[in-house]
**Student:** 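Structure incoming, see below.
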Amino acid sequence: MAFQPSTGEPLGRSTRSAAVQLSGIHKTLGGTPVLAGVTMDIKAGEFVTLLGPSGSGKTSTLMAVAGFIIPDSGKITVGDRDVTNLPPGRDRDMGIVFQNYALFPHMTVAGNIAYPLRVRGMSKAHIKDRVDRALRLVRLEGLADRKPARLSGGQQQRVALARALVFEPSVLLMDEPMGALDVRLKQELKWEIRQLQREIGATVIYVTHDQNEAMLLSDRVALMQDGRIEQYASPEEIYRRPTSIFAARFLGDSNLIAGQFDESAGCMTVAASGKVIPAAWPSGSPCHGRCMALLRPEHARISAATELTTPHSPAQDLTTMGAVLEEAVFMGQSMRYRVHVPDLGCALDVQQVAGAGTTALSPGRQVNVSWDPRDLHLITTETAS
Ligand SMILES: Nc1ncnc2c1ncn2[C@@H]1O[C@H](COP(=O)(O)OP(=O)(O)OP(=O)(O)O)[C@@H](O)[C@H]1O
C-alpha cells in the first residue's frame with residue numbers, strides 16, 4: 001500500500017514508527033561480496049547505529065533498506081510489509097539524510113522542506129503548517145527564505161533533516177550526516193539529533209564510523225566487519241562485554257592480555273610470563289581455554305610502589321603487580337599513563353582521575369598497577385571444535 005501522508009496531526013511523537021527486520025541479506029557487487037548475511041531486528045522507535053571501519057558494509061546495508069541496493073538473497077520488512085524488492089521512493093515511506101546534504105540550491109529553505117509534501121500532493125495550507133513546524137523542530141524558524149548557499153554546514157544539515165522528517169516517515173535513514181561538519185558543530189548537532197529522535201519517536205538507522213557518535217545516539221549498535229554484523233547490542237553491552245577482539249578494540253580503548261583460562265581454578269595463566277591471575281569467565285559466553293583478557297584503561301589504577309594501599313576500597317580483592325611508568329600525560333580531568341608490567345609481558349594503558357599524588361609520578365619510576373579481577377573481561381580466542 002502506498003504511503004499517504006497525514007495532514008492535521010502535529011509533527012511530534014510519531015505513531016507511525018515501524019519495526020525493521022533484515023534477514024540473511026547477501027549482496028555481491030562487481031564480484032565483491034559486500035553483504036555476507038546481515039541479520040538484524042530494529043524495534044519501532046529504536047535508534048540503531050551501523051558502526052564499523054571503512055568498507056565494512058554500513059552504507060550498503062543502509063542502501064539495501066532504502067531500496068538503492070536490491071539484495072541477491074534475504075528479506076527486508078518494514079512493519080508487516082516486505083520491501084525487499086520495492087524500488088526506492090514514496091512507497092518505502094523512509095526519510096533519508098546523506099552526508100552531503102543534497103539540498104536543491106535554487107530553492108529556499110522552506111521550499112526544500114516543502115518538496116516531499118508537494119510531490120505527495122498535499123494542499124498548500126497543510127504544507128505551510130507542516131513546514132513551519134518542521135522549521136521549529138530543527139530550530140531554523142528565522143531562515144525559511146534563505147537559499148542553502150547562505151547557510152552554514154550545520155544549518156544545511158538541519159534543513160536536510162527537516163526535509164527528511166516533514167512527511168513523518170516511519171523510518172529515518174542517516175548516512176554519516178555529520179561527516180562534513182567540524183568538531184564543534186558535530187558536538188552540537190549530535191545532541192540535537194538525539195533530542196529530536198526522542199521527540200518524534202521515529203525508527204532511525206544511522207551510519208557512522210565514529211564510536212563516540214554511536215555511543216551518544218544509539219539504543220543499540222550493530223558493529224560491522226566484512227559485510228557481517230560482529231555484535232549487535234547496546235553501546236554499554238558492547239563496551240563492557242565485547243564478544244570478539246575486534247569489538248573490544250573498536251569500541252573504546254583496550255588493554256588485551258593473552259592467556260589460558262582454567263575454569264575449575266577460576267584463574268588465567270598469562271601467556272607471556274606463566275603468572276596466574278584471578279579471572280572469571282563471563283556468563284553466557286562459550287568457555288574455551290585460550291583467551292584474551294580485556295582490561296579497560298579506566299579500570300586499572302597505579303600508585304607509587306612504596307604505597308601499600310590503592311585508591312580502591314581495601315575490602316576489594318585486587319590484583320596488584322609491579323610496573324615501570326613509561327609515560328604520564330595530563331589530559332585535563334584525568335591522567336593517562338603507560339606502564340610496562342613484566343609479569344604481563346606487555347604495557348598497559350591506565351586512566352585515572354588527576355590528583356595531587358598521581359600527577360607527581362614521573363616516567364622511569366617503579367609503580368604498582370592494580371585492578372579488580374571482576375573488571376577483567378575474557379574473550380575466547382579458540383574456535384569451538
Ligand atoms: N558498486 C560497488 N561495486 C563494487 N564494490 C562495491 C560497490 N559498492 C561498495 N563496494 C564495496 O563494498 C564494501 C562495503 O562498502 P560500504 O560503502 O558499504 O562500506 P562502509 O562500511 O559504508 O564504508 P565507508 O565507511 O568507507 O563508507 C567495500 O569494500 C566497497 O569497496
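Numbers here are sequence positions counted from 1. Order of appearance sets the numbers: ligands from 1, and atoms from 1 within every ligand. These numbers come from a predicted model, not from an experiment.
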**Student:** May I ask you to check whether over 12 heavy atoms, not counting those of E141, lie within 6.0 Å of atom CD?
**Tutor:**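 Yes, because the 6.0 Å sphere around CD of E141 holds more than 12 heavy atoms from other groups.
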**Student:** Under 6.0 Å from the ring centre and within 45 degrees of the ring axis: does the NZ or CZ of R120 meet both conditions for the six-membered ring of F167?
**Tutor:**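 Ring-cation test returns yes.
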**Student:** Kindly give the heavy-atom pair with the smallest separation between A248 and L294, and that separation in Å.
**Tutor:**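 The answer is CB-CD2, 4.1 Å.
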**Student:** Below 3.5 Å only, please: the N or O atoms of ligand 1 paired with protein N or O atoms, distance on each line.
**Tutor:**
| unit_1 | atom_1 | unit_2 | atom_2 | d |
| --- | --- | --- | --- | --- |
| ligand 1 | 18 (O) | S60 | N | 2.9 |
| ligand 1 | 18 (O) | S60 | OG | 2.5 |
| ligand 1 | 19 (O) | G57 | N | 3.3 |
| ligand 1 | 21 (O) | G55 | N | 3.4 |
| ligand 1 | 21 (O) | S56 | N | 3.0 |
| ligand 1 | 21 (O) | S56 | OG | 3.3 |
| ligand 1 | 21 (O) | G57 | N | 3.0 |
| ligand 1 | 21 (O) | K58 | N | 3.1 |
| ligand 1 | 21 (O) | K58 | NZ | 2.8 |
| ligand 1 | 22 (O) | T59 | N | 2.8 |
| ligand 1 | 22 (O) | T59 | OG1 | 2.9 |
| ligand 1 | 23 (O) | G55 | N | 2.8 |
| ligand 1 | 25 (O) | K58 | NZ | 2.8 |
| ligand 1 | 26 (O) | S54 | OG | 2.5 |

**Student:** Surrounding CZ of R118 (heavy atoms of other residues, nucleotides or ligands, distance under 6.0 Å), is the total greater than 12?
**Tutor:**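 Atom CZ in R118 is packed in, count exceeds 12.
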**Student:** Is H209 atom NE2 crowded by more than 12 heavy atoms from other residues, nucleotides or ligands, each under 6.0 Å away?
**Tutor:**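 Check fails, neighbour count at 12 or below.
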**Student:** If we ignore angles and hydrogens, is there a donor and acceptor under 3.5 Å between the side chains of S244 and E230?
**Tutor:**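 S244 vs E230: donor-acceptor pair found between side chains.
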